[in-house]
Amino acid sequence: MCLFQTTQYQQRPFTLKNTFKACRFFALTTLFYCVTSHAENSEAKLGLAAPLSAFEEAKSLVFSDPYSSLPQYEVSRKHFDINGENVLLKHAQRTLSSNANFIELDTKHKLLQANGICFAGIWKMSQNRPYSGLFQAGIEVPIIVRASVSLSGTKQRDKRAFGIAIKLFPYAHSSLTENIFLMHSLGGTKTKHVANLPMTNEPALGELPPFSQLLTAYRLESDLEKADKAFSGKKANARFRPVSHLAAVKAGDANSRLAGHTEESTPKLSISMPTASKEIEIKPELEIKSEADTQAEIRGPHWLRAALRSDTPLVDKDDFRDELSLQHYPNQTLSWVLSAANFNDAGIDKAHWQEIGEIILTESVVSLTCDTKLHFNHPAIK
């Protein structure tokens with residue numbers, strides 16, 4: 001038996017030739033490791049390692065072009081028609097039909113809600129309530145919020161119809177979003193602050209608009225109702241925007257939403273259309289549930305209310321966009337408490353409100369993209 005024989009392999013005596021091969025192998029291995037590490041580090045420095053999420057992409061666009069000073073866009077009926085075309089009605093129909101997160105306007109600015117301020121933050125559910133989807137306790141979803149007033153007046157001396165649009169990003173690997181709208185009143189009110197005005201998805205009528213804008217307000221109401229009837233049919237109610245669709249959302253899973261976002265429903269005017277990632281694999285259900293069973297599992301509120309946290313200091317600024325700028329608030333954070341209520345025949349004034357969570361705003365900007373390109377789809381009433 002050879003001296004170097006073992007039970008597993010035959011060893012070879014060390015020679016100058018073998019030693020050279022071993023050193024060369026070690027050198028090549030070290031070189032490969034160094035090159036690979038350098039490439040990985042270079043990718044990380046160039047930002048190639050991890051692509052931006054849909055929320056991060058949207059936030060980046062919204063915050064990319066801040067104004068140097070606050071604009072004063074005019075909301076007037078003189079902008080509602082161009083060369084005989086009812087542009088206001090077209091925009092209202094697009095708001096109900098387009099699922100795009102960003103659009104390219106064919107006007108210089110929005111025809112209503114023209115002046116606003118945008119935020120990035122979190123939709124956070126903290127209370128156990130009998131609701132499903134994005135209303136369940138423990139849910140945390142990134143959001144982009146736009147606060148605005150309906151007509152031209154942005155100052156404390158103006159009647160301001162204040163409200164917020166909330167864009168939620170609940171789906172993994174998809175830019176599909178869910179949108180809801182809350183307002184204080186349709187006609188507006190003259191008040192020193194807007195931050196502490198409670199908002200709901202069925203706002204009160206409020207005061208009459210300024211006399212100089214009565215015709216503008218009437219035209220807005222007429223065209224918005226016409227667009228709503230086209231999409232919601234007999235259930236149309238321009239004063240009410242549903243929130244119950246959030247109860248059907250399974251956070252992180254866009255499969256349940258793909259059917260409603262076909263190419264036929266995708267307008268060509270969008271800059272960035274929501275599309276489902278190819279990574280999503282739709283698997284057949286092992287057990288086919290009836291529509292009645294599915295509806296029984298989905299339960300959402302009829303009404304939603306947002307109210308400023310009671311311990312939040314009020315900021316005395318003439319323009320509401322200055323008032324809401326987060327630089328003025330403790331920890332540069334602003335929170336609205338969310339409460340929900342079920343339907344009752346007596347109406348929202350008799351609603352039984354239950355706290356369900358809050359929206360926490362952590363960054364703010366007044367920008368061109370916020371005012372002219374960011375788009376929120378109004379859910380139709382079903």
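Position 1 is the first residue of the sequence; numbering continues from there. In what follows, every heavy atom counts, from backbone to side chain, and hydrogens, waters and symmetry copies are set aside.
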Lys90 side chain reached by Asp106 side chain, heavy atoms, under 4.5 Å: yes
Donor-acceptor pair, side chain of Glu323 and main chain of Ala195, under 3.5 angstrom: yes
Backbone of Phe320 reached by a side-chain donor or acceptor of Thr154 within 3.5 Å: no
Arg129 side chain to Ala137 backbone, donor-acceptor under 3.5 Å: no
Nearest-0.5 Å distance, OH of residue Tyr131 to CD of residue Gln354: 6.0 Å
Residue pair Val62 / Phe102, side-chain heavy-atom distance below 4.5 Å: yes
Tyr67, OH: over 12 other non-hydrogen atoms inside 6.0 angstrom: yes
Check: Leu338 and Trp123 side chains under 4.5 Å, non-hydrogen atoms: yes
Taking every non-hydrogen atom, the tightest pair across Thr107 and His109: OG1-O, 2.8 Å
Asn331 backbone acceptor or donor facing Thr333 side chain under 3.5 Å: yes
Side chain to side chain donor-acceptor pair (under 3.5 Å) evaluation trace for Ser150 with Gln113: CA-CA 4 Å; Ser150 294; Gln113 314 287 150; 2.7 Å; yes
Spacing of OG belonging to Ser232 relative to NE2 belonging to His378, to within rounding of 0.5 Å: 11.5 Å
Separation of Thr216 OG1 from Leu111 CG (nearest 0.5 Å): 11.0 Å
Heavy-atom side-chain proximity of Thr189 to His184 below 4.5 angstrom: yes
Check: Thr200 side chain, Arg305 main-chain N or O, donor-acceptor pair, under 3.5 Å: no
Thr95 (side chain) donor-acceptor with His91 (main chain) under 3.5 angstrom: yes
Residue pair Arg241 / Asp228, side-chain heavy-atom distance below 4.5 Å: yes
Rounded distance [0.5 Å steps], CD in Glu178 versus OH in Tyr171: 3.5 Å
Residue pair Thr312, Asn196: steps toward the side chain to side chain contact (heavy atoms under 4.5 Å, CB included) verdict: CA-CA 9 Å; Thr312 305; Asn196 61 338; over 6 Å; no
Leu168 with Met183, same ILVMFWY side-chain cluster at under 4.5 Å: no
Closest contact, heavy atoms only, Glu202 versus Asn237: OE2-ND2, 4.3 Å
Asn101 side chain to Ser175 backbone, donor-acceptor under 3.5 Å: yes
Candidate pair Arg77 and Leu88, rule side chain to side chain contact (heavy atoms under 4.5 Å, CB included), full reasoning: CA-CA 9 Å; Arg77 59 194 178 100; Leu88 174 62; over 6 Å; no
Lys350/Asp345 ion pair, N-O < 4.0 Å: no
Student check: side-chain heavy atoms of Leu151 and Asp158 closer than 4.5 Å: no
Salt bridge Asp322-Lys155, side-chain N to carboxylate O under 4.0 Å: no
Note: Arg309-Asp311 ion pair, threshold 4.0 Å (strictly below): yes
Chi angles and distances behind the side chain to side chain donor-acceptor pair (under 3.5 Å) call for Arg160, Asn115: CA-CA 11 Å; Arg160 298 179 289 191; Asn115 301 288; over 6 Å; no
Contact summary for Asn179 and His375, nearest pair of heavy atoms: OD1-O, 4.5 Å
Approximate separation, where rounding is to 0.5 Å, of Asp223 CG and Asn86 CG: 4.5 Å
Closest heavy-atom pair and its distance - Phe181, Pro379: CE1-CD, 4.1 Å
Working for side chain to side chain contact (heavy atoms under 4.5 Å, CB included), residues Ile144 and Phe169: CA-CA 8 Å; Ile144 288 177; Phe169 293 78; 4.1 Å; yes
Contact check, side chains of Trp336 and Met199, non-hydrogen atoms, under 4.5 Å: yes
Aromatic ring pairing Phe240/His302, orientation class (parallel under 30°, perpendicular over 60°, tilted between): parallel
Interatomic distance, Thr369 atom OG1 to Leu61 atom CG [nearest 0.5 angstrom]: 6.0 Å
Heavy-atom side-chain proximity of Val366 to Leu70 below 4.5 angstrom: yes
N/O donor-acceptor pair under 3.5 Å between Ser98 side chain and Arg94 backbone: no
Co-membership, hydrophobic cluster, residues Val87 and Leu220, 4.5 Å side-chain: yes
Heavy-atom pair with the smallest gap, counting every atom of Glu358 and Met125: N-CE, 4.3 Å
same_hphob_cluster(Ile82, Ile103) at 4.5 Å side-chain heavy-atom cutoff: no
Side-chain donor/acceptor of Arg146 to backbone N/O of Cys370, under 3.5 Å: yes
Hydrophobic cluster membership, Leu182 vs Val337, 4.5 Å side-chain cutoff: no
Heavy-atom closest contact (Ala92 atom, Ala227 atom, distance): CB-CB, 3.7 Å
Under 3.5 Å: donor-acceptor pair, side chain of Asp371, backbone of Gly116: yes
For Ala147, side-chain contact (heavy atoms from CB on, under 4.5 Å) partners two or more places apart: Ile117, Phe119, Phe162, Ile164, Leu324
Same apolar cluster (I L V M F W Y, side chains within < 4.5 Å links), Phe135/Val141: yes
Ion pair Arg219/Asp81, N-O distance below 4.0 Å: yes
NZ/NE/NH1/NH2 to OD/OE distance under 4.0 Å, Lys192 and Asp316: yes
